[in-house]
Number of protein chains: 2
Amino acid sequence: MHLRYIELFHAVLTTGSITAAAKLLNISQPAASKALQHAEDRLGFALFSRVRGRLQATPQALLMRDRIEKIIQDVHDLERLTKNMGQPGNCPLRVTCTPTLALTLLAGATTLLRKAIPDVMAELSTQHSAAMCESLTLRDTDIGLTLQDTGHQNLRQRVLCRGQVMVIAPPGWWPEKELTQPLPIEALANQPMIGITVRDALGRALHGHLAQVSPAPRIAVSVQTYQLAHALVAKGEGLAVVDPFTARCGDANSVQMRPLKPHLEVVLYAMHRPDNPLDPVQKRFLDLVRQLAQKMLAQR
Amino acid sequence: MHLRYIELFHAVLTTGSITAAAKLLNISQPAASKALQHAEDRLGFALFSRVRGRLQATPQALLMRDRIEKIIQDVHDLERLTKNMGQPGNCPLRVTCTPTLALTLLAGATTLLRKAIPDVMAELSTQHSAAMCESLTLRDTDIGLTLQDTGHQNLRQRVLCRGQVMVIAPPGWWPEKELTQPLPIEALANQPMIGITVRDALGRALHGHLAQVSPAPRIAVSVQTYQLAHALVAKGEGLAVVDPFTARCGDANSVQMRPLKPHLEVVLYAMHRPDNPLDPVQKRFLDLVRQLAQKMLAQR
DNA sequence: GGCCGCCCACAACCTCCGGTTATGCAAAGC
DNA sequence: GCTTTGCATAACCGGAGGTTGTGGGCGGCC
């Protein structure tokens with residue numbers, strides 16, 4: 001079974017026609033046609049029934065579909081890995097982070113770095129934690145910033161700084177003098193709130209704590225990213241409980257913020273592969289991230 | 001990336017030499033040598049360093065190893081599946097079961113079937129539950145017999161009959177008149193026993209119940225298959241708690257048996273693919289299995 | 001030390017797979 | 001009815017992937 005046949009089969013399944021599949025694989029239509037026939041009579045059964053000149057997948061083909069897709073995916077991953085291993089990145093700084101951190105921390109640290117080292121090159125991206133681990137092991141990127149403890153055993157994970165969960169509210173929600181004091185979680189009872197449906201560890205912890213508040217907060221809108229919650233709070237939709245970086249994002253006057261009373265810790269991690277130690281530029285960058293993070297958490 | 005290269009790379013990694021790998025793949029040594037070079041300069045980095053004429057995997061190669069093996073395995077599985085779909089089995093009855101059931105139930109039912117239909121063909125095998133599901137979906141076999149509820153969503157699972165967990169003991173252990181009565185689990189306290197380290201659901205259930213007995217049974221030997229426990233009990237090593245089929249295996253006088261007092265149910269399942277319904281021979285066979293199982297569970 | 005065996009690399013050669021272009025043909029669409 | 005769309009066939013070509021034959025470095029053994 002040649003990989004080409006597998007790819008072709010997959011392409012035909014997804015596109016629905018030989019011609020389109022051929023286009024997808026950058027080969028001519030007859031080549032695809034012939035290859036498919038070859039695959040079929042090597043297998044000993046038809047993959048597609050030709051009904052009125054069109055293709056229709058046979059039951060056998062459908063049974064193979066899942067496995068085929070898995071193989072395609074795995075081979076694709078392998079090729080990403082080998083490609084990234086082949087050409088030792090001329091780009092010294094490839095960083096990915098969760099969407100939460102992108103606009104504030106990552107953007108800020110990068111501009112600081114480019115002030116310090118004007119001509120440094122960088123590749124930035126955002127990913128959720130699981131995809132981040134995959135990208136790091138596949139060497140698509142070198143450093144990952146996240147608030148989640150992934151516990152990935154093949155990656156090194158270092159703590160950059162610690163903060164705490166914050167409650168944010170529309171401007172003028174709390175009297176000015178209360179702003180420095182923590183907000184007891186009971187004070188959220190029956191308040192209008194933006195729900196958080198984030199699936200990470202922090203999201204689950206928040207969910208667990210909020211479930212204990214009685215009467216429950218009034219949640220009309222739930223969001224999957226902290227930044228959306230921040231935007232909605234800024235528009236006056238209600239309160240939200242978010243990580244300390246999201247709390248500080250945007251204009252200083254866009255929201256009010258107070259620490260949550262049961263002190264919930266949020267940890268900023270940097271992840272990288274353990275094999276090759278960080279080079280000077282990368283170390284410098286992480287220093288800047290740490291400094292910026294600490295500065296952000298201290299302000300206001 | 002051609003599949004051939006992946007196979008070759010894997011073969012060289014496992015055998016440690018190009019020559020051996022070539023032999024494994026049934027090609028000549030120069031072919032393997034050339035292909036490996038081709039793969040390397042397509043990848044852009046060396047997979048093996050040639051040190052004093054021998055091969056040594058580079059760090060990059062080791063990083064690829066896991067993924068390569070996964071792909072090899074998946075492709076191998078796909079080929080099994082397609083091979084089994086290609087030639088519609090001329091063998092009407094392909095059955096697999098757990099080792100526990102093989103010698104008694106499967107062997108017995110098969111001989112009964114061959115008495116009823118003398119020239120019927122059959123393929124028998126034994127596998128543990130997880131591998132059994134794999135074999136069924138890959139169409140290596142058509143029917144699986146097991147005592148475990150696998151909960152596999154892509155397979156139909158029907159109940160053939162129900163029995164209960166038994167305690168077995170060396171001959172003469174219990175007075176004759178007690179044999180018909182259940183044995184309270186407390187009676188196992190401080191008794192010499194054969195430990196069961198089976199990882200299936202039944203094994204875990206037994207473990208949980210036995211943990212409550214105090215003082216704990218004296219376990220000198222632990223085994224991973226119920227049949228081994230039976231053999232050791234027959235040799236006088238102590239008591240054991242086993243499924244009702246193992247309890248009846250071998251010579252009628254080899255062990256004594258009594259039901260366990262907390263009535264622990266054991267269910268005999270037959271599994272098959274839902275797509276193609278059972279043919280008459282297969283139905284007949286399952287009938288025989290059910291009858292034989294009920295007869296076995298009734299006797300003694 | 002010299003011989004042998006093992007293992008890898010290179011050369012010359014061959015076959016056929018996987019690709020091309022050109023063309024035919026059946027069915028659907030306007 | 002003509003055009004369009006999509007698959008199949010034919011004729012051709014290059015190169016990947018296989019072969020045999022050979023040479024050279026290294027280790028083990030007498």
Side-chain angles (χ1 to χ4, degrees), chain A residues 1-58 60-62 68 71-72 75-76 78-79 82 86, chain B residues 1-58 60-62 68 71-72 75-76 78-79 82 86:
Chain A
M1 190 55 137
H2 292 238
L3 201 53
R4 210 67 231 254
Y5 295 161
I6 294 181
E7 289 172 339
L8 174 61
F9 172 70
H10 181 243
V12 174
L13 260 184
T14 52
T15 62
S17 92
I18 288 188
T19 309
K23 220 168 288 175
L24 199 65
L25 299 181
N26 274 323
I27 59 175
S28 67
Q29 171 267 319
S33 186
K34 200 168 59 165
L36 191 62
Q37 289 176 63
H38 192 189
E40 284 182 325
D41 62 52
R42 175 172 294 200
L43 287 174
F45 56 90
L47 290 170
F48 299 90
S49 54
R50 278 71 170 172
V51 48
R52 289 200 300 276
R54 305 298 166 110
L55 297 189
Q56 196 163 356
T58 61
Q60 288 95 326
L62 294 178
I68 293 278
I71 292 173
I72 297 273
V75 170
H76 182 229
L78 179 67
E79 277 169 356
T82 55
Chain B
M1 189 55 134
H2 291 236
L3 200 51
R4 211 70 236 262
Y5 294 160
I6 295 182
E7 288 173 339
L8 173 61
F9 172 70
H10 180 243
V12 175
L13 260 184
T14 53
T15 61
S17 94
I18 288 189
T19 310
K23 220 168 287 175
L24 199 66
L25 299 181
N26 274 321
I27 59 176
S28 68
Q29 171 268 318
S33 186
K34 201 169 58 167
L36 192 63
Q37 288 175 64
H38 192 187
E40 283 181 326
D41 62 52
R42 173 170 299 200
L43 286 176
F45 55 89
L47 290 170
F48 298 91
S49 53
R50 277 73 170 170
V51 48
R52 286 199 302 277
R54 303 298 166 113
L55 297 189
Q56 195 162 357
T58 61
Q60 289 96 326
L62 295 177
I68 292 277
I71 293 173
I72 297 272
V75 170
H76 182 230
L78 180 67
E79 276 170 355
T82 55

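Each chain gets a letter, A, B and so on, in the order its sequence line appears, and its residues count up from 1.
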field: For A:Leu8 against A:Leu36, the heavy-atom pair lying closest together
entry: CD2-N, 3.6 Å
- line: Heavy-atom nearest pair, A:Leu78 first then B:Ile6, reads CD2-CD1, 4.1 Å
query: Between atom CG in A:Leu55 and atom P in C:dA26, what is the gap in whole Å?
result: 18 Å
- prompt: Any donor-acceptor pair under 3.5 Å linking the side chain of B:Gln29 with the backbone of B:Thr19?
  reply: no
query: Hey, does the side chain of B:Gln37 come within less than 4.0 Å of C:dC8's phosphate (OP1/OP2), counting only N and O?
result: no
message: Tell me the closest heavy-atom pair linking A:Ala31 and A:Ile27, and the distance in Å.
response: CB-CD1, 4.2 Å
Would you tabulate the pairs of protein nitrogen or oxygen atoms and nucleotide nitrogen or oxygen atoms of nucleotides 13-17 of chain D closer than 3.5 angstrom?
unit_1, atom_1, unit_2, atom_2, d
D:dG17, OP1, B:His2, ND1, 3.3
D:dG17, OP2, B:Tyr5, OH, 2.4

- prompt: So, for B:Ile18 and B:Ser33, which heavy atoms are closest and what is the spacing to 0.1 Å?
  reply: CG2-N, 3.9 Å
query: Whole Å only: how far is the CG atom of B:Asn26 from the P atom of D:dT19?
result: 9 Å
query: When the distance from CG of B:Leu8 to C1' of C:dC8 is rounded to whole Å, what number comes out?
result: 13 Å
- prompt: Angle class for the A:Phe48/A:Phe9 ring planes (parallel below 30°, perpendicular above 60°, tilted otherwise)?
  reply: tilted
task: Report yes if a donor N or O on one partner sits less than 3.5 Å from an acceptor N or O on the other, where the partners are the side chain of A:Gln29 and the base of D:dA8; otherwise report no.
output: yes
task: Of all the heavy-atom pairs spanning A:Tyr5 and A:Ala35, show the shortest one and how long it is.
output: CE2-O, 3.9 Å
field: Positions of residues 11-25 of chain B (non-hydrogen atom under 4.0 Å from DNA chain D), listed by number
entry: none
query: Do the side-chain N or O atoms of A:Ser28 get closer than 4.0 angstrom to the phosphate oxygens (OP1, OP2) of C:dG19?
result: no
message: If I compare all heavy atoms of B:Ser49 with all of B:Thr58, which pair ends up nearest, and what's the gap?
response: N-CG2, 3.9 Å
